[in-house]
Each structure stands twice: as structure tokens, then as C-alpha cells.
J.: 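The following block contains the structure, expressed as C-alpha cells.
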Amino acid sequence: MPFLTRRRFLRTLGLGALATGALGSYAFALEPMWRLSVARYAFTPPGWPRGLRLRLALVADVHACHPWMRPDRISDIVDRTNELAPDVTLLLGDYSVGMRRFKTADVHPSVWASILAGLRAPLGRYAVLGNHDWWEDEAAQQRGHGPTFGQDALERAGLPVLENQAVRLSKDGHPFWIAGLGDQLALLPKRQYGRSAWRGVDDLPATLAAVTDDAPVILMAHEPDVFPDVRAATRPVALTVSGHTHGGQIRLLGHSPVVPSRYANRYAYGHVVEPRSDGRDAHLVVSGGLGCSIAPVRFGVPPEIVVIDLGDDHPPSAGV
């Protein structure tokens, strides 16, 4: 081994600092602010009707704020999503900022909602709310119920918000349902609100009870932690789609060191397939999302739009 001279040590130290700085700059600025990828999944859930080929686009965790998710960036995301020609576009919550310490300015809900209203899909655009859409609304926290200002903004812009509700749609003569679950972490446990524990506004049994026939159900749930309850439900759900985790924001070799889920990496990101009680597969797709929460850092999980193709040409796939 060559002798480690002072000059060689300082040069190695300098190169290490340079590499660390470069990686930090990429994670702090380039990946969260400039990259935009498309994650694609294709499969056929059990019991899916033959002849029904359906394309879904998922837009999750926008977290609108300056400088990380400016109006022009949201507009670019809308344009890119429309280019993917989805049949239905699903907005999975957390439109509000999640980085109080790092933002330089807010984006008003009327602004981000009007931009998102530019999403186009022949069978409609449907939204659910996320935890930050509740946490940022002091009045809703005090009341203990909605509507939040984010919901008002979305609905004024013509984007329906589903809270423990379901709508029946049809393509090529084949019906299916889009169901939206209320947020599972909506109400903060704070003394001034008269709450000592977290409270959700989710009601999975009521949501599934709104489905009145045996057509397949696509369930929108901001947090993926409801998936075990979905698997155990008497009414089968063809597909659950979620956001919230951001893929952990830092992801290396398929693992995220920190995931905002009580299941850690189990539902951190991607296509998850687990058995129902009847032995059939249950499918979950978790988007890596678009914006950032807590800190504006992404590494190994760039902002993404998700496209899911469901239909005859795609056999059931294994989980990621």
C-alpha cells in the first residue's frame, strides 16, 4: 500500500468533499426541481372484465410552493400528463406545501387548482385530499371537519373531491367504479383542538358500501397504510392507488431509510401484490409523487407521473 502523504490525504479529502457537495446539490436542487419521470405499470387484476382496457394517470403530492413547485412547473406536469392520454386522471392529495422552513413563497390554492383543472381525461378527473391539505387549514382543524380550503379550491376549479364516496363510470360498455377514501391522518392531536390523538376522516366500509354492483373498484387512498384493511374487506377492490410516502424521498437499491408509514418499506413505493383472505391477489400502486415534504431533497426517487394500463393484454405482475 502506498504511503499516505499529507498531500495525498488533502487531495483525497478535497475530492470527497467535492463529490459530497455534488451529490448534495443534485439531491437538493436538480432531482426535486428539474427532473420529471413517468413510471409505467401494466397488469390485469383478478376478476377484471375482458375487453376493458383502461389507462389511469396518477398525480400525487404536488406540494405547491416557491421555488420547488412553482406554477410553471405544475403547468408542465399537467401538459406531460395530458400527453400520456389517460382515460381517467386521479389526483391523490397533498396539493398544499409541506416545507415551511424551506419555501420562499406560497402558491395560493386558487392558482394551483386552476392549473390542475387543465388536466384532460375523457372519463374524468377525480381527487382526494391528503394530510397536508388538512394540516395547513387551521379553520378545518378547529372545526374537526371539512371542507378544507383545498377542497373548496379544487371543486371551484371543476375537480370533484371524493371523501368516502364512489362514482360509477363506463368504458366500451364495461362499468367500473372510482372510490375515494377520506384522509387517514387528517386531524392533528393538539390541545387547542381538543384532541389528544390523531383522527382520520376515512371510512372504508362506507366508501365500499357506496359501490352498488359487482363492477371492479379502483380505490384512491392518499396513505397506503389502509391496504391491509382493503385486502381484508368483504367487497373486493381491483386496485388501490396511493401517494404520501414520496418513495421515502431518498431511495437506494430499492430501500428507503425513512418512510412515513407504519409499515416502513413494505408500502414505500411501486407495485405491491399481496394475497386477500380468499387467496386472490390484491394490487396496490404507490406513486413516488412530485413534490417534497419536510425537506426539499430527493435522491433515487425523482418526481414522477404514474401511468397504469389495466386490461386484457397484461397478465398479473409480481410486486416490486
Side-chain angles (χ1 to χ4, degrees), residues 40-60 81 84-93 119-129 158-182 184 202-224 226-243 271-287 306-317 319:
R40 298 178 182 269
Y41 304 94
F43 55 92
T44 301
W48 191 258
R50 292 192 61 84
L52 175 55
R53 301 183 65 183
L54 188 68
R55 171 168 286 192
L56 309 174
L58 310 184
V59 175
T81 304
L84 299 168
D87 297 304
V88 184
T89 296
L90 305 179
L91 293 86
L92 296 178
L119 290 163
R120 297 190 303 272
L123 299 182
R125 300 96 23 103
Y126 298 91
V128 293
L129 299 182
L159 295 166
V161 176
L162 302 179
E163 185 171 293
N164 305 320
Q165 297 168 300
V167 294
R168 191 177 189 267
L169 304 176
S170 181
K171 183 186 178 190
D172 298 330
H174 298 285
F176 63 95
W177 291 83
I178 301 292
L181 188 68
Q184 301 157 61
D202 57 307
D203 190 335
L204 182 62
T207 303
L208 296 181
V211 175
T212 56
D213 59 27
D214 60 358
V217 178
I218 297 164
L219 176 68
M220 306 164 66
H222 176 67
E223 294 94 356
V226 75
F227 191 53
D229 294 331
V230 174
R231 291 167 47 218
T234 303
R235 176 57 169 91
V237 171
L239 170 64
T240 303
V241 292
S242 297
H271 183 196
V272 179
V273 183
E274 293 183 351
R276 286 175 41 84
S277 57
D278 62 8
R280 305 178 82 181
D281 286 340
H283 291 259
L284 166 70
V285 172
V286 182
S287 170
V306 174
V307 174
I308 306 174
D309 286 302
L310 304 172
D312 292 340
D313 297 340
H314 308 297
S317 59

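Because the structure is a prediction, the values reported are computed rather than measured.
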J.: Between Arg231 and Pro275 (side chain of the first, backbone of the second, donor and acceptor by atom type, cut-off under 3.5 Å), is there such a pair?
T.: yes
J.: For Phe227, check ring pair (Phe, Tyr, Trp, His ring centres under 6.0 Å) against everything at least two apart and list the hits.
T.: Tyr267
J.: Go through it in stages, so that I can follow the logic: the residues are Asp309 and Arg53, the test is side chain to side chain contact (heavy atoms under 4.5 Å, CB included), and I'd like the CA-CA distance, side-chain angles, deciding distance and then a yes or no.
T.: CA-CA 7 Å; Asp309 286 302; Arg53 301 183 65 183; over 6 Å; no
J.: For Arg235, which residues count as a salt bridge (Lys or Arg N to Asp or Glu O under 4.0 Å) partner, sequence neighbours excluded?
T.: none
J.: Kindly indicate whether the side chain of Val285, heavy atoms from C-beta on, has any atom under 4.5 Å from the side chain of Phe43.
T.: yes
J.: Sequence neighbours left out, what pairs pass salt bridge (Lys or Arg N to Asp or Glu O under 4.0 Å) with at least one residue falling in residues 160-178?
T.: Asp87-Lys171, Arg168-Asp213
J.: Determine which pairs satisfy salt bridge (Lys or Arg N to Asp or Glu O under 4.0 Å) with at least one residue from residues 40-52, sequence neighbours left out, and list them in order.
T.: none
J.: State which residues pass side-chain contact (heavy atoms from CB on, under 4.5 Å) with Gln165; sequence neighbours excluded, sorted by chain then number.
T.: Leu162
J.: Given side chains that start at C-beta, do those of Leu181 and Leu204 come closer than 4.5 Å, heavy atoms only?
T.: yes
J.: Any non-hydrogen side-chain atom of His283 less than 4.5 Å from a side-chain atom of His271?
T.: yes
J.: Can you name the residues that form a side-chain hydrogen bond (donor to acceptor under 3.5 Å, both in side chains) with Asn164, not counting sequence neighbours?
T.: Thr207
J.: Rounded at 0.5 Å granularity, tell me how far NE2 in His174 sits from CG in Leu169.
T.: 14.5 Å
J.: Could you report the tightest heavy-atom contact between Ala166 and Val211, atom names first, then the distance?
T.: CB-CG2, 4.1 Å
J.: What do the steps show when you test Ile218 against Val88 for side chain to side chain contact (heavy atoms under 4.5 Å, CB included), and what is the final call?
T.: CA-CA 11 Å; Ile218 297 164; Val88 184; over 6 Å; no
J.: So which atom in Thr240 and which in Ala221 form the shortest heavy-atom distance, rounded to 0.1 Å?
T.: CG2-CB, 4.5 Å
J.: For residues Ala57 and Pro86, report the shortest heavy-atom separation together with the two atoms involved.
T.: CB-CB, 3.6 Å
J.: I'd like to check the side-chain contact (heavy atoms from CB on, under 4.5 Å) partners of Ser287; sequence neighbours left out, ordered by chain and number.
T.: Ala60, Glu304, Val306
J.: Measuring from Leu208:CG to Leu219:CG, what's the distance to the nearest 0.5 Å?
T.: 6.5 Å
J.: Please determine if Asp278 and Arg276 form a salt bridge, counting it only when a charged side-chain N lies under 4.0 Å from a carboxylate O.
T.: yes
J.: When the side chains of residues 119-128 are checked against the rest of the protein, which donor-acceptor pairs come out under 3.5 Å, sequence neighbours left out?
T.:
residue	atom	partner	partner atom	Å
Arg125	NH1	Ala117	O	2.9
Arg125	NH1	Leu119	O	2.8
Arg125	NH2	Gly158	O	3.1

J.: Report the distance from atom CH2 of Trp177 to atom CG of Asp214, rounding to the nearest 0.5 Å.
T.: 11.0 Å
J.: Could you walk me through whether Val307 and Tyr41 pass side chain to side chain contact (heavy atoms under 4.5 Å, CB included), step by step?
T.: CA-CA 6 Å; Val307 174; Tyr41 304 94; over 6 Å; no
J.: What heavy-atom pair brings Leu84 and Arg55 nearest, and what distance separates the two atoms?
T.: O-NH1, 2.8 Å
J.: Distance from Leu56 atom CG to Ile178 atom CD1, nearest 0.5 Å?
T.: 6.0 Å
J.: Kindly give the heavy-atom pair with the smallest separation between Pro224 and Leu284, and that separation in Å.
T.: CB-CD2, 4.2 Å
J.: What pairs with Ala238 under side-chain contact (heavy atoms from CB on, under 4.5 Å), at least two apart in sequence or on another chain?
T.: Pro45, Trp48, Pro216
J.: What distance do Leu52 atom CG and Ser170 atom OG have between them, rounded to the nearest 0.5 Å?
T.: 8.5 Å
